[in-house]
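Please read the structure below before turning to the comments.
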Amino acid sequence: MTASSLDSSGLHGLEAFEERIRGALAEVLGVPAEDLALDRPRQAGHGEFALPCFQAAQAAGRKPPELAAELAARLQVPEVEARAVGPFLNFRVEGAALARRVLQDALRPDFGRRRRTRTSIVEFGSPNIAKPMHVGHLRSTVIGAALARILEHLGHRVVRINHLGDWGAQFGKLVAAWRRWGQEDRLEADPIGHLLALYVRFHEEAEENPGLEEQGRQAFQELESGEDNEARRLWQRFTELSLREFQKTFDRLGARFDHVRGESWYEDRLPGVLAWLEGKDLLQQSEGAWIVDLEPEGIQTPCLVKTAHGTTLYATRDLAAALSRWEEFAFDECLYVVGNEQKLHFEQLRAVLRRAGCDWADRIEHVAFGLVRFAEGKLSTRKGRVLLLKEVLDRASELALEIVREKNPGHPDPEGVAEQVGVGAVIFHDLKHQRTKDVVFDWKEVLSFDGDTGPYLQYTHARCCAILRKAGRPVPDFAALRPEILAEDRELLTALGRFPAAVREAGDRREPSILAGHLLRLANAGNAFYRDRRVLGEEPPVEDARLAAIGALRNTLGLGLGLLGVPAPESM
RNA sequence: GCGCCCGUAGCUCAAUCGGAUAGAGCAUCAGACUUCUAAUCUGGCGGUUGGAGGUUCGAGUCCUCCCGGGCGCGCCA
């Protein structure tokens with residue numbers, strides 16, 4: 001009988017054992033298995049799972065240590081040993097069974113895959129046309145792309161949308177600025193650079209010349225008129241030029257989208273949204289503008305949907321986008337990977353939809369992240385204080401090239417790996433932090449390739465590849481292995497076995513750093529194994545088993561890095 | 001002024017939605033390459049978890065107040 005035939009759950013790695021334990025506990029305690037959450041003990045000696053018995057003991061009128069001891073004696077879980085330690089009931093998977101299960105699962109290309117039936121929309125990236133992508137866009141892009149891949153791995157149908165900032169009053173300003181100071185040759189040479197310069201100049205000069213603001217407003221009105229006029233042609237041109245630039249950066253970051261739909265994509269629907277709100281009797285005029293009052297939803301600030309000048313606003317277009325997405329995709333969840341500072345906006349968005357009677361309003365979820373700050377203060381595009389994303393990636397790539405040349409002079413493709421290592425370092429540095437916390441940008445940290453970094457994971461992966469290359473043969477088939485040879489290598493096995501749970505948690509909590517952190521622990525265990533266990537040249541059954549362990553490590557690291565969007569070169 | 005978020009080792013961060021002795025990396029000090037990549041590994045140093053109360057079997061985590069920082073608060077996105 002193989003381990004897999006014991007489980008029909010389809011769960012991989014340690015999740016399969018966890019399921020067994022919870023099932024057995026549920027039966028003995030007479031509670032639903034869903035209510036039982038197992039802890040992971042901190043100390044390795046306490047096994048893989050634990051149940052603190054305080055609550056159950058209280059419910060049964062017993063003392064926790066007593067109950068723990070009794071449960072330990074009564075529970076029968078195949079391949080799992082239950083032991084009471086004080087008030088805790090600890091579970092330890094038998095070494096051979098652990099090795100068998102983990103090797104079998106961790107060698108699969110779909111390790112950790114789930115079969116869920118959910119539709120998830122992930123909106124991310126979303127740079128503003130005519131402005132260069134800066135370090136702030138890195139966060140949205142990298143977190144969003146990772147979440148999309150993670151959710152896909154869990155079986156979700158994922159729709160990736162790049163919600164470009166390509167509409168609104170700012171484009172009126174840009175058109176007005178172009179009419180005054182625009183230069184063809186400079187636009188050709190460096191589109192975004194020139195457009196940004198125009199934008200900055202507009203704001204500078206508008207402080208002395210208030211008439212400029214009026215010209216900007218008029219230009220946006222021309223744009224929103226729907227007519228095929230000069231303003232529209234300019235806007236279209238700026239958009240195309242910008243998109244071409246963005247694509248290069250998205251490619252480098254490994255981010256792809258199912259739909260590139262800017263705010264302008266919903267232009268046709270804007271009148272419909274306003275009419276719809278009116279039909280629900282939600283529209284009221286206030287100080288010349290049109291608003292939806294949100295006091296009934298407990299939000300003091302009303303949602304502005306139309307300016308006194310008759311133009312639409314961010315909220316109008318986001319309402320249109322939400323309604324359009326609901327009609328088109330009937331999503332189970334719609335994730336917006338957008339900075340913390342827009343919290344109120346998304347609360348308003350949900351509140352308006354709730355007031356309008358959309359029962360799906362709460363499927364809208366703001367996946368917020370902290371902003372990137374410099375030690376000297378906040379970034380500001382208008383003030384020209386920006387750190388371009390391209391510059392960060394370039395510098396990381398250049399530094400990586402120096403290091404590749406130094407450490408691996410014979411590498412066949414130094415530029416190629418350097419780009420993978422440099423960009424991988426930048427991506428991983430971002431993803432290893434909890435997404436909601438602000439980050440202070442520090443070149444030294446971002447460009448570090450030692451310790452808990454992307455290159456550390458890549459290096460561990462590359463070492464595995466080197467062993468497999470030198471073995472000169474494929475990883476032996478699982479059926480031919482004697483997994484019990486690895487029974488003592490628990491650190492590596494449990495780290496591998498926990499990968500599926502890490503992916504699941506990262507997806508469910510919309511927190512890629514959970515996966516990032518787990519990969520670091522896995523690489524740690526992997527490097528310890530590398531240090532302690534010789535693979536090549538051992539007697540055949542041992543070499544086979546260890547080769548399989550290295551294969552499983554390579555596969556799992558490769559999968560995890562892939563989900564995060566960090567390249568995994570085979571040598572570096 | 002009001003609201004939300006955050007304060008953990010010198011620095012950057014963890015701590016499994018309240019569980020066991022608060023852990024990593026960087027920096028620093030001391031070690032390990034004739035053996036599968038030393039971008040690695042081993043060990044040392046480093047803590048009143050911003051402060052004061054409270055809740056309970058148990059608090060870095062929850063509640064109150066204070067201090068410090070960030071963000072937001074109607075015609076930008």
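Since the model is a prediction, treat every value here as computed from it, not as a measurement. Proteins get letters first, then strands, A, B, ... in listed order; numbering begins at 1 in each.
Nearer to the 5' terminus of RNA chain B, by closest-nucleotide assignment, is the contact made by Phe49(A) (compared with the other of Arg533(A) and Phe49(A)).
The gap from the C1' atom of G10(B) to that of U21(B) amounts to 24 Å, rounded to the nearest Å. Distance check on atom C1': C13(B) versus A27(B) gives 14 Å, rounded to whole Å.
Here C41(B) sits opposite G31(B) as a Watson-Crick or G-U wobble pair (both hydrogen-bonding atom distances under 3.5 Å). Remark: C4(B) base-pairs with G70(B). Criterion, Watson-Crick or G-U wobble with two distances under 3.5 Å. The partner of U64(B), taking Watson-Crick or G-U wobble pairs whose two distances both stay under 3.5 Å, is A52(B). A 3.5 Å limit on both hydrogen-bonding distances identifies no Watson-Crick or G-U partner for G18(B). Under the Watson-Crick and G-U wobble criteria, each requiring two contacts below 3.5 Å, nucleotide C75(B) is left unpaired. Nucleotide U12(B) forms a pair with A24(B), judged by Watson-Crick or G-U wobble geometry with both contacts under 3.5 Å.
When heavy atoms are screened at a 4.0 angstrom cut-off, Lys407(A) is found touching base atoms of the nucleic acid. Heavy atoms of Asn128(A) sit under 4.0 angstrom from primed sugar atoms or phosphate atoms, though from no base atom. Contact annotation for Ser286(A): base contact, defined as any heavy-atom pair under 4.0 Å involving a base atom.
Arg546(A) places a side-chain N or O within donor-acceptor distance of the main-chain N or O of Arg534(A), the cut-off being under 3.5 Å. When atom types are taken as modelled, the side chain of Asp166(A) and the backbone of Glu263(A) share a donor-acceptor pair closer than 3.5 angstrom. Side chain of Asn340(A) to main chain of Ala368(A): no donor-acceptor pair is present (N/O by atom type, distance under 3.5 Å, no hydrogens or angles).
Here Phe88(A) lies parallel enough and close enough to stack on the base of A20(B), with planes under 30° and ring centres under 5.5 Å apart. Here His46(A) packs flat against the base of A20(B); its ring centre is closer than 5.5 angstrom to the base's six-membered ring, tilted by less than 30 degrees.
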| request: Dump the intermediate steps for ring pair (Phe, Tyr, Trp, His ring centres under 6.0 Å) on Tyr336(A) and Phe346(A), then the final yes or no. | output: CA-CA 9 Å; Tyr336(A) 293 77; Phe346(A) 288 104; 4.8 Å; yes
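As a whole-Å value, the separation of Glu207(A) CD from C76(B) C1' is 15 Å. Spacing between atom CZ of Phe449(A) and atom P of C26(B) amounts to 15 Å, rounded to whole angstrom units. For His461(A) and U40(B), the NE2 to C1' distance is 17 Å, given to the nearest whole Å. At whole-Å resolution of the value, CD in Glu505(A) and C1' in A15(B) are 12 Å apart.
The phosphate of U40(B) has neither OP1 nor OP2 within less than 4.0 Å of any side-chain N or O from Arg463(A). Between Lys470(A) and U37(B) there is a side-chain polar atom (N or O) within less than 4.0 angstrom of OP1 or OP2.
Residues Gly560(A) and Leu515(A) come closest through the heavy atom pair O-CD2, 4.1 Å.
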